[in-house]
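Below is one structure; the comments refer to it alone.
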There are 2 protein chains.
Amino acid sequence: MSKLDESLLTGLPPFSRLERGQIREILDQALPKRYDEGNEIFHEGHDAERFHLLLDGYIRVVKTTEGGEQIIALHISPGQLFGIAPALNRDTYPATAVAASESLALSWPVRMWPEFTAKYQGFATESYNTLGQRLGEMQTRITELATQAVEQRVAAALLRMVTQSGRKVEEGIEIAFPVTRRNISEMTGTTLHTVSRLLSAWEKDGIVHSTRKHIVVTDPHRLVVLSGVQG
Amino acid sequence: MSKLDESLLTGLPPFSRLERGQIREILDQALPKRYDEGNEIFHEGHDAERFHLLLDGYIRVVKTTEGGEQIIALHISPGQLFGIAPALNRDTYPATAVAASESLALSWPVRMWPEFTAKYQGFATESYNTLGQRLGEMQTRITELATQAVEQRVAAALLRMVTQSGRKVEEGIEIAFPVTRRNISEMTGTTLHTVSRLLSAWEKDGIVHSTRKHIVVTDPHRLVVLSGVQG
DNA sequence: TCAACTCTTTGTCCTCTAGCAAACTTGCGG
DNA sequence: CCGCAAGTTTGCTAGAGGACAAAGAGTTGA
């Protein structure tokens, strides 16, 4: 296997404060792996053997209820750590990670986590920052689910995806990974039927343009209004 | 001010691995404070100047939406840290903390957080454990809100409070701090009206006995069934 | 090129529960 | 002891959105 290039990690928050030599060390111990769309990176309840860093693609972190319904806990974008159970002293993964599109990730054995945090100044700090942000996002979702109507939640979910992974195209801003109506319903706690109706209505109003697994937001501003954010 | 007794901290998870001398040091720097029911400990958005440990009583951590609605993010029981913004490198409190009953808490300036985690072996570990648990609880609530009906959510909320703070009385198990119908609605994303109707129905079925601000669960098992947990 | 899937759209029905309104109860402060 | 505020109960109504059903469209693979 050829050596990984150091530029992969330079500039990513968890590693931004490290020196070249340190990054070299870290990379030499990383296991890179490619995942096709739909492939699992790890599974809920299984032993947390490795922690991961997404280099390219998108990951959905999913939880399955006793009733068999799925809900999407989190979207991971390139540059983010995920499956960081060791940071919380957990020994199993609390959810399942699935590639939303073809993805490339590095991973390390969990036993290296203490070493990373102790040895590399700033790694722990950045990791706990990330954790804090996720805690905040979850809080936001709880609030939304508890107080907002379905339409607002779906609008907010689209905006979140656009913000996190929007790529500009001529019509507007496109969500950079495949999303189905069902996926959106799993993010917002509704049914795919309702999501479909909403998207159809918004399409008619010229707010979005959507095809199969593919959504372009043509009028982000009106979506913001729909999401119910006070100015 | 007389010295605080060391036994206050001995046995609490964050400090369980410390020696007497260390506990003495920590206590000497703590500021104890009493709060009446309804008093604020800290307010959302304000500078996070101190982190806190609840010794006695119960704390509600509350978030207010733009629309003015409140939702209860978290309940804190004696022995738990709260307002630990510094652990996540935040410099403002993400939510408001209010005493649910008369409470006693210690607090320390946030600048001591790095010292605590560095100096006292196990403090950081235990703190991040706590954080992991809270993350898990939030995940559970998101799942509930997204997939369960109101009745199941209210049943689950009651059970959670009973588990966290249940005290045995002759009729059954009593929630150890004052709770209003409105409070429960703020935990479950419904209205106080609906909660009132549910409690009335359950009272009729002999599952709970409730008075003003006060709830006793007389048949926990049937409540578990209502909450929809699969066996 | 056909078959099987997966994803999407649309229609209809019906339940749950939010919203509104009003009365009642309890407890506290003056 | 009274009056007021906070908390609770209950009735009524309308509407959102879930459940079910069925058909259409796009993709994949044999």
Side-chain angles (χ1 to χ4, degrees), chain A residues 36-38 60 65 67-72 98 100-102 144-155 157-158 175 177-205 208-216 226 228, chain B residues 36-38 60 65 67-72 98 100-102 144-155 157-158 175 177-205 208-216 226 228:
Chain A
D36 282 330
E37 183 177 336
R60 265 191 270 276
T65 67
E69 293 157 296
Q70 296 208 324
I71 79 122
I72 296 177
V98 180
S101 61
E102 186 180 341
E144 279 180 15
L145 283 165
T147 67
Q148 306 206 299
V150 170
E151 183 177 42
Q152 298 180 302
R153 302 207 300 265
V154 174
L158 285 189
I175 294 168
F177 52 89
V179 213
T180 66
R181 312 289 183 266
R182 171 167 292 281
N183 286 330
I184 296 175
S185 76
E186 286 167 351
M187 301 175 59
T188 53
T190 181
T191 62
L192 78 163
H193 307 273
T194 301
V195 173
S196 177
R197 285 180 232 271
L198 284 172
L199 286 180
S200 298
W202 291 341
E203 181 111 35
K204 207 169 299 170
D205 292 349
V208 303
H209 176 65
S210 67
T211 56
R212 175 172 258 239
K213 287 188 164 206
H214 199 83
I215 300 180
V216 180
L226 283 172
Chain B
D36 282 330
E37 183 177 335
R60 265 190 269 277
T65 67
E69 293 158 296
Q70 296 207 326
I71 79 123
I72 296 177
V98 179
S101 62
E102 186 181 340
E144 279 180 14
L145 283 165
T147 66
Q148 306 207 298
V150 171
E151 183 177 43
Q152 299 180 300
R153 302 206 301 264
V154 174
L158 286 188
I175 294 169
F177 52 89
V179 214
T180 65
R181 312 290 183 264
R182 171 167 292 281
N183 286 331
I184 297 174
S185 77
E186 287 166 351
M187 299 175 60
T188 52
T190 179
T191 63
L192 77 164
H193 309 273
T194 301
V195 173
S196 176
R197 286 181 230 272
L198 285 171
L199 286 180
S200 298
W202 291 342
E203 181 111 35
K204 206 169 298 171
D205 292 349
V208 302
H209 176 65
S210 67
T211 56
R212 181 172 257 238
K213 286 189 165 206
H214 199 85
I215 300 180
V216 180
L226 283 173

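Order of the sequence lines sets the chain letters (A, B, ...), proteins ahead of strands, with each chain counted from 1.
What separates CG of A:Leu199 from C1' of C:dT10 is a distance of 14 Å, to the nearest Å. Here the C1' atom of nucleotide C:dT10 and the CD atom of A:Glu203 are 15 Å apart, to the nearest Å. With rounding to whole Å, A:Ile184 atom CD1 is found 13 Å from C:dC7 atom P. Atom CZ of A:Arg182 is separated from atom C1' of C:dC5 by 14 Å (rounded to the nearest Å). Taking atom CZ of A:Arg197 as the reference point, atom C1' of C:dC7 lies 15 Å away to the nearest angstrom. With rounding to whole Å, B:Leu198 atom CG is found 13 Å from C:dA18 atom C1'. The interatomic distance linking B:His193 (NE2) with C:dA23 (P) rounds to 15 Å, in whole Å.
Under the side-chain contact (heavy atoms from CB on, under 4.5 Å) test applied with A:Val195, the options A:Thr190, A:Val179, A:Asn183 reduce to a single match, A:Thr190.
Between B:Ser210 and B:Arg181 the shortest heavy-atom distance is OG-NH2, 3.2 Å. Residues A:Trp202 and A:Ala155 come closest through the heavy atom pair CH2-N, 3.6 Å.
Backbone-only engagement by A:Ser200 is indicated by non-hydrogen atom pairs under 4.0 Å involving sugar-phosphate atoms exclusively. Among the atoms of the strands shown, only primed sugar atoms or phosphate atoms (P, OP1, OP2) are found under 4.0 Å from some heavy atom of B:Thr180. At the heavy-atom level, A:Leu192 lies under 4.0 Å from base atoms of the strands shown.
How far CD1 of A:Ile72 is from CD of A:Glu186: 5.0 Å, rounded to the nearest 0.5 Å.
Side-chain contact between B:Thr180 and B:Leu192 is absent, with no heavy-atom pair separated by less than 4.5 Å. Using a 4.5 Å heavy-atom cutoff, the side chains of B:Lys213 and B:Glu37 are in contact. When side chains are defined from C-beta on, B:Thr194 does not count as touching B:Val154, because their heavy atoms never get closer than 4.5 Å.
Taking a heavy-atom distance under 4.0 Å as the criterion, the stretch of DNA chain D touched by chain B extends 5' to 3' from D:dA6 to D:dC12.
Judged by distance alone, with hydrogens and angles left aside, the side-chain atoms of A:Arg153 form a donor-acceptor pair with the main-chain N or O of A:Thr188 at under 3.5 Å.
Note on B:Thr194: every side-chain N or O is 4.0 Å or more away from OP1 and OP2 of C:dT17.
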Exercise. Walk me through it: do B:Val150 and B:Leu198 pass the test side chain to side chain contact (heavy atoms under 4.5 Å, CB included)?
Key: CA-CA 9 Å; B:Val150 171; B:Leu198 285 171; 4.1 Å; yes
Quiz item: Reading nucleotides 25-30 of chain C 5' to 3', which nucleotides get B (base under 4.0 Å from a protein heavy atom), which S (sugar-phosphate only), which -?
Solution: BBS---
